[in-house]
*Asks:* 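Questions regarding the structure given below will be posed in turn.
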Amino acid sequence: MTVRAHGRAPLQRSPYNSLAMTTSRCVVQTGPRALEMRELPLPERIGPEEALLRVDACGICGSDYEQYQGLMPGLPFPLIPGHEPVGTIVEIGELAAKRWGVAAGDRVCVETLLPCGFCRYCRAGQYRLCSGRRGLSGYGYLGLDTPPGLWGAYAEYLYLDPHTVVHKISKEIAPEIATLFNPLGAGIRWAQQVPGTKIGDTIVILGPGQRGLASVIAAREAGASCIIVTGLSADERKLALAREFGAHHTIDVEREDLVHQVREITDGRMADVIVDVTPYANEPVVQAIDLARRGGTVVLAGMKGQRPVEGFFNDRVVAKDLTIKGAFGVDFHAYEPAVRLIESGKYPLEKMHTHTLPLEEAERALKLLAREIPGEEAIHIALVPGA
Ligand SMILES: [Zn+2]
Ligand SMILES: [Zn+2]
């Protein structure tokens, strides 16, 4: 464990930080679609409950693009984005090391949220819903004006607050692959834990992006015997990967009648579980009701741009005795098995990771993910400082 002396001693860094850096290169977002590179000072000292992380990679997901566009309300610009960090601990306080069970030199996956630990949700083990601290309190969402300012992982270094939740991961795993603990954790929670998917179930996963593909893996691990994944014609590559990860059927919803296909595949029984991870599109929510068997479960985990769903058929939900569950975020219960599954090497997750880009190309990374760059297809992208 490396604990730096406090007081007026000259700034010294642990041997893990070989350059003895005192500043961090960061991508700073100053407003909607406005990013710039800045060099910001590292904290002068790391207290007993805190740590400093050298960022090895930061995953990018749909929320990053929403943030980039300025669609998330109340963000305190300027700030450093980046909420899916994997890194190496370069410095850690004695208490933090003891509480988190990690030491300087360890590689860790860092959860986005900074739960308060005291509100009713935290006390009830539902810290995904915590609102006890500074509103949306998590990495990538706090401003430069909240000391020490280094709250985002589009940077060389990340400050680790006392409320941080970390998962140690083997250094054998490439950092950009390790960042897949985010989508994989989501798949495990949304496609397995929330609906209670079990051996022999039929599950329909609407949307073949990072989280849809992760849901395939989670459904397979849960023992589902029929996994169906939907996508658009442009998603051909993702649907092929879904089959490689264990999907039994993939359906191009632009060319095939989804409900009819599922009826054929299931011999009219329809699905036990439906998981919607499509962004923006509302039709999948309506379809999910039709795809469910009587007594089935629908998990809604895709954000629809704050729009209500047209064509939602209440009476079908009642008559079919459906369970509809919203799924927001991921927590320790799902991230921990995600990290272990990555370490196991059981799935060729590297096939999901399509792009590694340096911090300087953060904007290109975001546009790539949102298909704003014609002719280039991305599934999972990670920013790696110095890549
Ligand atoms: Zn994310
Ligand atoms: Zn709380």
Side-chain angles (χ1 to χ4, degrees), residues 27 29 55 57-69 71-72 75 79-87 99 109-142 151-155 158 161-167 175-191 207 209-215 277-280 301-303 327-335 338-339 342 349 352-355 357 362 365-370 378-384:
V27 178
Q29 182 175 10
V55 179
C58 176
I60 294 185
C61 77
S63 315
D64 287 84
Y65 186 71
E66 270 185 58
Q67 178 173 2
Y68 168 65
Q69 287 182 297
L71 294 179
M72 285 185 173
L75 285 182
L79 55 76
I80 305 168
H83 63 273
E84 302 188 356
V86 167
R99 289 172 183 164
C109 300
V110 181
E111 291 192 20
T112 303
L113 290 176
L114 292 166
C116 78
F118 295 99
C119 71
R120 359 184 359 107
Y121 294 110
C122 283
R123 289 299 194 210
Q126 295 176 300
Y127 68 86
R128 292 168 289 101
L129 307 176
C130 171
S131 56
R133 235 174 139 241
R134 307 169 184 157
L136 181 53
S137 181
Y139 291 108
Y141 303 118
L142 295 170
W151 296 102
Y154 289 10
L158 182 73
D161 177 274
H163 295 260
T164 305
V165 184
V166 301
H167 303 263
E176 58 271 34
I177 301 303
T179 63
L180 288 167
F181 82 97
N182 285 285
L184 207 49
I188 289 171
R189 195 173 116 73
W190 303 347
Q210 298 175 26
R211 275 146 186 87
L213 291 170
S215 293
V277 287
T278 57
Y280 302 111
M303 291 298 247
F328 178 73
V330 186
D331 56 19
F332 194 92
H333 301 293
Y335 280 137
V339 171
I342 292 170
L349 294 169
M352 202 167 141
H353 175 74
T354 51
H355 294 75
L357 295 168
L366 292 160
K367 289 179 176 172
L368 253 174
L369 195 66
I379 302 177
H380 179 265
I381 302 176
L383 291 181
V384 170

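In each ligand, atom 1 is the first atom listed, and ligand 1 is the first ligand listed.
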*Asks:* Compare all side-chain heavy atoms of V165 with those of P115 and state whether any distance is below 4.5 angstrom.
*Replies:* yes
*Asks:* Looking at the Zn ion (ligand 1), which N/O/S atom of E84 is the nearest one?
*Replies:* OE2
*Asks:* Angle subtended at the Zn ion (ligand 2) by SG of C130 and SG of C116, to 10 degrees?
*Replies:*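 It comes to 100°.
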*Asks:* Which heavy-atom pair separates G329 from W190 by the least distance, and what is that distance?
*Replies:*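 Here G329 and W190 meet closest at O-NE1, 3.1 Å.
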*Asks:* Does either side chain, that of Y139 or that of T164, offer a donor lying less than 3.5 Å from an acceptor on the other one?
*Replies:*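 There is such a pair (donor and acceptor under 3.5 Å, judged by atom type) between the side chains of Y139 and T164.
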*Asks:* Which heavy atom in Y121 sits nearest to a heavy atom in L129, and how many Å separate them?
*Replies:* CD1-O, 3.6 Å
*Asks:* Roughly, to 10 degrees, what angle do C61 atom SG and H83 atom NE2 form around the Zn ion (ligand 1)?
*Replies:*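 Taking the Zn ion (ligand 1) as the apex, the two atoms subtend 110°.
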